Each structure stands twice: as C-alpha cells, then as structure tokens.
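Below is one structure; the comments refer to it alone.
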2 protein chains.
Amino acid sequence: MKFEVVTIKDIAKALNLSTSTVSRALRGSYEISPETKKLVLEYAERMNYRPNPIALSLKEQRSRAIGVVVSEIANNFFSQAIAGIESIAYNRGYHVIITQSHESKERELVNIQHLVSRSVDGLLISLSSETSDLSYLQQLYEKGFPVVLFDRISNQIDTHKVTADNYMGAFHATEHLIYQGFKRIAHITSSTHLSITRERLQGYKDALAKHHIAVNENLIKYCNHGGMMIDEVEVAVEDLFRPKIKPDAIFTAGDRLSTICLGIIKQKQGAIRKAGFIGFTNTNLADLFSPPVSVVRQPAFEIGQSATELLTSMIESKRPVTTFETKVLPTNLIIRESSLQQQD
Amino acid sequence: MKFEVVTIKDIAKALNLSTSTVSRALRGSYEISPETKKLVLEYAERMNYRPNPIALSLKEQRSRAIGVVVSEIANNFFSQAIAGIESIAYNRGYHVIITQSHESKERELVNIQHLVSRSVDGLLISLSSETSDLSYLQQLYEKGFPVVLFDRISNQIDTHKVTADNYMGAFHATEHLIYQGFKRIAHITSSTHLSITRERLQGYKDALAKHHIAVNENLIKYCNHGGMMIDEVEVAVEDLFRPKIKPDAIFTAGDRLSTICLGIIKQKQGAIRKAGFIGFTNTNLADLFSPPVSVVRQPAFEIGQSATELLTSMIESKRPVTTFETKVLPTNLIIRESSLQQQD
DNA sequence: ATGAAAGCGCTAACAC
DNA sequence: GTGTTAGCGCTTTCAT
C-alpha cells in the first residue's frame with residue numbers, strides 16, 4: 001500500500017512530456033524552455049510534488065543525512081551535543097539520524113552498519129564504553145567514508161576529532177579541591193577503554209602530584225558501565241567509605257556517574273555527607289541540588305557544532321581529506337557549595 | 001565514491017548465475033537446488049554480503065523503520081519514552097529514527113514529511129506545543145499510513161493513542177496540596193493547544209471544586225512555549241508573586257516548566273521559597289533537590305512501549321485497522337518535602 | 001531449476 | 001529544447 005505520491009512519471013504523463021524533461025525542468029536546467037519550465041513547476045507545485053529521497057539515495061549513493069551514534073540520549077551532555085549537531089546540519093541541508101548504543105559495542109556496530117547501509121553521508125560517533133576494537137570503523141574510514149569522532153575518541157583512527165579538554169578540566173577540579181584543603185580525594189570514573197576516562201584520570205593524578213599528594217589507587221574506582229548499572233556505583237562508594245580512613249572529597253568523571261553518586265551519598269547520610277564533591281556533568285539542575293553542586297561543564301553544544309562542521313566539510317570535499325585536526329574545547333569549572341571546605 | 005559493497009550482481013557474476021537465482025537462493029526459495037543454494041549462501045557469507053536496504057525500500061515501499069517525532073529529547077519524559085520505544089521496536093525488527101520538533105510546528109511538519117518520504121513504515125508522534133492544525137497528519141492517516149499518537153494527543157485524528165492519566169495525576173497532586181492545607185494554589189502550564197495542558201488543567205480545577213475552593217484565573221499561568229523560553233516562565237512567576245496576596249503553593253504541568261520554575265524560585269528567594277511545590281516531571285534527580293521535590297511521574301517507558309506495540313501491530317495488520325484504542329496509563333504521585341506544609 | 005526482463009523513482013549520457 | 005535509454009540494487013513475473 002502506497003500513499004499516492006506524485007512522481008515525475010505522473011507529471012510527465014499529465015503534461016505529455018518525457019520524464020527527463022520534467023526532471024530537468026524541476027532542477028531548473030538551462031536546456032529547458034522557460035514555458036515548459038513554468039508549466040512543470042506550476043503543476044508540480046499544485047500537485048505537491050516531492051522528490052523521493054530513497055530513489056535519489058539509490059541513484060546517487062548519498063542521502064544528505066548524517067548518522068549520530070551516542071551511548072545514551074538521556075544524558076545531558078549528549079542531548080546538548082545533539083542540539084549543536086542539528087543546528088549546523090539543518091542549515092547545511094542535512095538531516096540527522098540519532099541512534100543509541102546504550103554502552104554496548106554490539107549495538108554500536110549494528111547502528112553503524114545500519115546507518116552506512118542506509119547511505120548516510122557521514123558519521124558522528126562517540127564510542128561506547130565497551131568499545132576497544134575499532135577495526136570495523138577503521139575499515140570504513142580507510143574506504144574513505146567520512147567519520148568524525150567526538151567526546152569519546154580513539155587514536156586507533158586518524159580522522160577529525162572534537163573533545164572537551166578533559167585533562168585540564170579534571171586537573172582544575174582536583175586542584176580546586178586541594179586548595180579547599182581536601183587531602184584524600186577519591187576519583188570515581190568509568191571504563192579505561194574510554195579516552196575521556198584516561199584523560200580525566202591523568203588530570204586528577206597530575207594535580208595531586210603537583211601538590212605533592214601521593215596517588216592512592218584505593219581511592220580510584222572504575223565503574224566499567226559508566227553509571228548504567230547503579231549497583232556498580234554503589235559498590236564503589238561503599239568500598240571507598242568502608243576503611244577507617246575515609247576520603248574527604250569525591251571527584252566523579254561522568255554525567256551519570258555524578259548524579260547517581262550524589263543520590264547514593266544523599267541516601268547513605270552520615271560521614272559521606274560531609275565529603276566535598278565535584279563532578280563532570282552538564283545537568284542544568286546542579287543549582288537546585290542540596291547543597292548546590294560544583295561541576296565541570298563541557299561545551300557540549302559547541303562540540304556538537306564543531307564536529308558537524310568538520311564532518312560536512314569532509315563530506316563535501318572534492319579530494320580525499322588527508323590532514324586531520326583534533327579540536328579540544330575548554331571546560332568550565334563551576335564552583336558551588338558542594339566542593340567548599342565546611343567550617344564546622 | 002562508494003564503499004565497495006558486494007551486490008547480488010557481483011555474486012551472480014562470480015558464480016556464473018543470474019541475479020534472480022542468487023536473489024532466490026539468498027531468500028531460501030524452494031525452487032532453487034540445494035547445491036546452488038549452498039554455493040550462493042557460502043559465497044555471500046564469505047564476501048560479507050548485505051542486502052541494500054535502500055534498494056529494498058524503493059522496491060517494497062517499506063523500510064522496517066519507524067519514525068519518532070517528539071518536541072525535545074533533552075526532556076526526561078521523552079528520553080525515557082524513547083527507551084521504551086526502542087525496546088519494543090528492536091525485537092520486532094524495526095529501526096527507530098528519532099527527530100525533534102523543538103516545539104515548532106514547521107519543524108514538526110518537515111520531520112514528518114522527511115520520515116514519510118524516507119518510507120518509514122509508521123510514525124510515533126507527540127505533538128509540538130504550537131501544533132493546532134493537524135490536517136497534514138489527517139491526510140496521511142486517511143491514506144492508511146500508520147500513525148500512533150502518544151503523550152500529546154488530539155481528537156482531530158482517529159487512531160491509536162497512548163497517554164498518561166493526566167487528569168487524575170493533576171487531580172491528585174492538587175488534592176494533596178489541599179490536604180496539606182494550601183489554599184491559594186497556582187498552576188503554571190503550557191499552551192492550551194496541548195491535550196496534556198487541558199487535561200491537567202481540568203484535573204486541577206476539579207480538585208479545587210471538590211474542596212469548594214474557587215478557581216482563580218489569576219493563579220493560572222500559560223507559558224505557550226512550554227518552558228523553551230525561560231523569560232516566559234520568569235514573567236509568569238513574577239506575575240504570580242507581585243500581588244499583595246500571594247499564592248501559597250505552585251503546581252507545574254511539565255518537565256521543563258517544573259525545573260525552570262524551581263530554578264527561578266531558588267534564585268528569587270524570599271517569600272516564594274515558602275510556597276509549596278509539586279510538578280509533573282520525570283527527572284531522576286528530584287530527590288537531590290533542596291528541598292526534595294514532590295512530583296507527578298508518568299510511566300514514560302511504558303507509554304513508549306505501548307505506543308510501539310500498537311504501531312507495529314497496525315503496520316503488520318493485513319486489513320486496514322478501523323477500531324482504535326486510547327490507552328491511559330496511571331501516573332505516580334511521589335511526595336517529598338516540597339509539597340508538605342511547613343510548620344513554622 | 002534457472003534465466004530474462006520489467007519496474008520501484010530518479011538522473012544523465014547520448015541521441016536528434 | 002526535448003526524448004530515449006540505461007542504470008542504481010533488488011524482487012518477481014513470465015518464459016524455458
């Protein structure tokens with residue numbers, strides 16, 4: 001069952017022209033006489049003709065659509081990044097198709113394959129926390145398929161990349177805690193497969209080192225599902241606070257991790273409540289928390305925009321692109337109550 | 001530039017068969033000899049053959065994909081609903097294409113047209129707050145195109161619909177405030193174009209009526225952009241608290257509206273702080289707020305699931321579907337501190 | 001059991 | 001300036 005859409009053929013028949021003439025008239029070819037052109041255009045308008053993008057994709061092997069793969073749209077960072085992606089894509093004439101990997105490498109692969117076979121013209125990817133083997137993506141990129149990595153990137157692939165300055169973001173957050181007088185700063189982060197994990201971890205460690213605080217591996221907890229499983233975070237927090245000597249501050253490395261961790265802390269009350277807290281998150285609600293929460297905020301919208309600009313320029317480039325850039329955008333340290341030393 | 005994908009033609013050539021034989025072998029037709037079948041299947045496997053979905057869509061006028069149009073994915077209700085949609089769609093073999101209207105009726109229309117012309121097999125729509133004229137959608141539905149409305153529905157179209165019980169949700173929220181002793185309960189809501197606005201408003205009014213409290217139109221504020229524009233909400237809150245006699249409680253009718261409103265209240269301090277508060281929102285962070293915020297929570301995931309089940313059954317139905325159901329799922333009133341009467 | 005050919009909607013090289 | 005034709009990848013009728 002099809003929904004009676006007008007095709008070029010219908011117009012041609014109605015106007016006693018050939019399909020090619022109609023096609024040419026529609027796209028304003030100079031070879032067509034003004035009268036015919038007018039005739040066709042008006043009729044098409046009247047019949048509400050719309051070119052069939054599927055036929056176009058099949059013919060031209062392109063779709064004027066770009067595919068996006070993120071782990072989770074219910075994540076402030078990603079929904080803001082997607083807004084940035086759409087803002088650029090739409091006024092360059094691209095549609096945006098959003099898919100989620102839910103931090104699963106299989107799902108990520110399925111999504112990528114589906115998007116590619118649907119002839120998206122390029123891909124914007126933030127890797128799942130499970131992904132360590134990028135060979136599939138690598139093959140794609142070697143065949144010249146335009147891919148831009150953002151947020152969670154990888155050096156296994158040589159292409160354009162856009163991320164926040166995770167290292168400095170973590171460094172400044174940690175240093176801020178140190179300046180506040182915290183001594184035993186815990187770090188809760190996700191899988192070390194992720195570039196963002198490694199960068200933030202390094203920033204944390206280097207800040208400690210700068211201030212002559214020894215890194216204590218017991219104060220670093222890895223939640224490999226990045227907050228997708230609450231239990232994992234709960235165990236991490238419990239582990240952190242079980243020993244006699246407890247951390248006096250927590251620094252979390254991700255959106256979900258931060259909010260889940262705050263929830264657990266709130267629930268557990270007691271000693272934990274008193275620890276300082278700062279986390280990477282793009283929530284707009286941090287102000288509303290009790291206490292208001294200090295955060296490292298990423299320029300999510302701008303990251304989305306920048307990645308999309310690079311992608312569309314790759315797509316539209318005549319010659320294969322061979323030199324790539326990695327854009328690193330500064331993060332924003334927003335200090336609220338949660339990371340201040342309490343005077344009691 | 002295409003990415004060297006194997007086509008049926010390639011296989012046919014390599015195996016000295018016709019494309020039709022290969023096609024049939026691939027789909028396991030009984031007319032093909034076991035040997036040929038085996039040969040083809042193995043070769044296809046080896047070459048990593050994947051049918052081209054675009055060609056299939058063009059041929060079959062269907063795509064095994066469903067389109068989703070929501071106002072904003074950066075909204076807890078919608079991202080949860082989308083998770084529900086995906087959970088059903090994927091194991092019925094459908095892909096999900098997500099688009100956002102950003103509460104703009106033009107954008108909504110563009111998205112719908114794009115999805116339809118891309119041959120999605122059906123549409124899951126939550127209307128934008130600007131949408132009042134559904135004639136385009138109506139045409140679609142009259143041609144037999146499967147559409148299911150969810151959350152923000154309309155009686156202009158006779159099809160399957162799934163929503164939360166907005167009326168009762170609002171009724172109970174309001175009644176709860178009344179039981180707490182609040183007398184001047186304000187209601188901040190969005191455009192009356194939206195079904196959810198009207199239903200929640202009615203629930204609010206009826207609860208007041210039941211308890212013999214006169215409805216005061218000055219206590220009802222309409223933010224036509226549903227919280228997309230902060231200013232609008234700010235003006236509403238200011239209007240509410242400018243008069244000498246101020247409201248003693250606020251009941252907000254939407255996700256964004258609720259959180260923005262809380263932000264404004266927090267910022268303004270003073271008298272407003274003391275008002276009771278409850279709002280429709282699906283945020284998981286309400287517990288973390290100060291004070292913890294009472295909410296009306298919608299079964300977003302289940303709404304998404306249910307809508308998708310109805311849609312796929314419509315898509316797969318042999319005969320045109322003529323009787324439709326409207327599913328109404330109960331909301332969940334979660335009482336925390338913000339809506340309790342303070343004893344001071 | 002297999003092949004040839006048409007057709008889904010569109011464009012473009014090649015006539016005339 | 002306009003028409004004819006082939007082809008994008010696939011399925012399917014119709015021959016054989």
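Note on naming: letters A, B, ... go to the chains in the order of the sequence lines (proteins, then strands), and numbering restarts at 1 for each one. All of these numbers come straight from a predicted model, not from anything done at the bench. All values below were derived from every heavy atom in this structure, side-chain atoms included, with hydrogens, water molecules and symmetry-related copies excluded.
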Length of the line joining [X]:[atom1] and [N]:[atom2], which is rounded to integer Å:
{"X": "Y30(B)", "N": "dT12(D)", "atom1": "OH", "atom2": "P", "answer": "12 Å"}
{"X": "N52(A)", "N": "dG9(C)", "atom1": "CG", "atom2": "C1'", "answer": "6 Å"}
{"X": "I54(B)", "N": "dC10(D)", "atom1": "CD1", "atom2": "P", "answer": "11 Å"}
{"X": "N16(A)", "N": "dG1(D)", "atom1": "CG", "atom2": "C1'", "answer": "16 Å"}
{"X": "I8(B)", "N": "dT12(D)", "atom1": "CD1", "atom2": "P", "answer": "11 Å"}
{"X": "K37(B)", "N": "dT2(C)", "atom1": "NZ", "atom2": "P", "answer": "10 Å"}

Using the side-chain heavy atoms of [X], tell me which of these nucleotides is nearest: [options].
{"X": "S23(B)", "options": "dT2(D), dT12(D), dT11(C)", "answer": "dT12(D)"}
{"X": "E60(B)", "options": "dT5(D), dT11(D), dG9(C)", "answer": "dT11(D)"}
{"X": "A55(A)", "options": "dC10(D), dC10(C), dT11(C)", "answer": "dC10(C)"}
{"X": "S33(B)", "options": "dG9(D), dT2(D), dT2(C)", "answer": "dT2(C)"}
{"X": "S20(B)", "options": "dC10(C), dT2(C), dG3(C)", "answer": "dG3(C)"}
{"X": "K59(A)", "options": "dG7(D), dC10(D), dG3(C)", "answer": "dG7(D)"}
{"X": "L58(A)", "options": "dG9(C), dT2(D), dT11(D)", "answer": "dG9(C)"}

Check whether any side-chain heavy atom of H160(B) sits under 4.5 Å from a side-chain heavy atom of M314(B), and report yes or no. yes
Answer yes if the side chains of [X] and [Y] hold a donor-acceptor pair under 3.5 Å, and no otherwise.
{"X": "R152(B)", "Y": "S195(B)", "result": "no"}
{"X": "Q100(A)", "Y": "E86(B)", "result": "yes"}
{"X": "R118(B)", "Y": "S57(A)", "result": "yes"}

Look at the side-chain N and O atoms of [X] and state whether any lies under 4.0 Å from the OP1 or OP2 oxygen of [N].
{"X": "K9(A)", "N": "dC8(C)", "answer": "yes"}
{"X": "Y49(B)", "N": "dC10(D)", "answer": "yes"}
{"X": "T7(A)", "N": "dG9(C)", "answer": "no"}
{"X": "T21(A)", "N": "dG3(D)", "answer": "yes"}

Applying a 4.0 Å non-hydrogen cut-off, can you work out what L17(B) is touching in the nucleic acid: base, sugar-phosphate, or nothing? sugar-phosphate
Contact class for T36(A) (heavy atom, under 4.0 Å): base, sugar-phosphate, or nothing? sugar-phosphate
Under-3.5 Å donor-acceptor pair between R24(B) side chain and dG3(C) base: yes
Please work out which of the three classes, parallel, tilted or perpendicular, describes the rings of Y141(A) and F324(A), given edges at 30° and 60°. perpendicular
Parallel, tilted or perpendicular: which fits the ring planes of F78(A) and F150(A), with parallel below 30° and perpendicular above 60°? perpendicular
Mind grabbing the angle between the end helix axes of the helix from dA1(C)-dT16(D) to dC16(C)-dG1(D)? Five pairs an end, 10° rounding. 60°
Note: V69(B) and L115(B) closest approach over all heavy atoms is CG2-CD1, 3.9 Å
Rounding to 0.5 Å, atoms CD1 (I88(A)) and CG (L124(A)) come to a distance of 11.0 Å
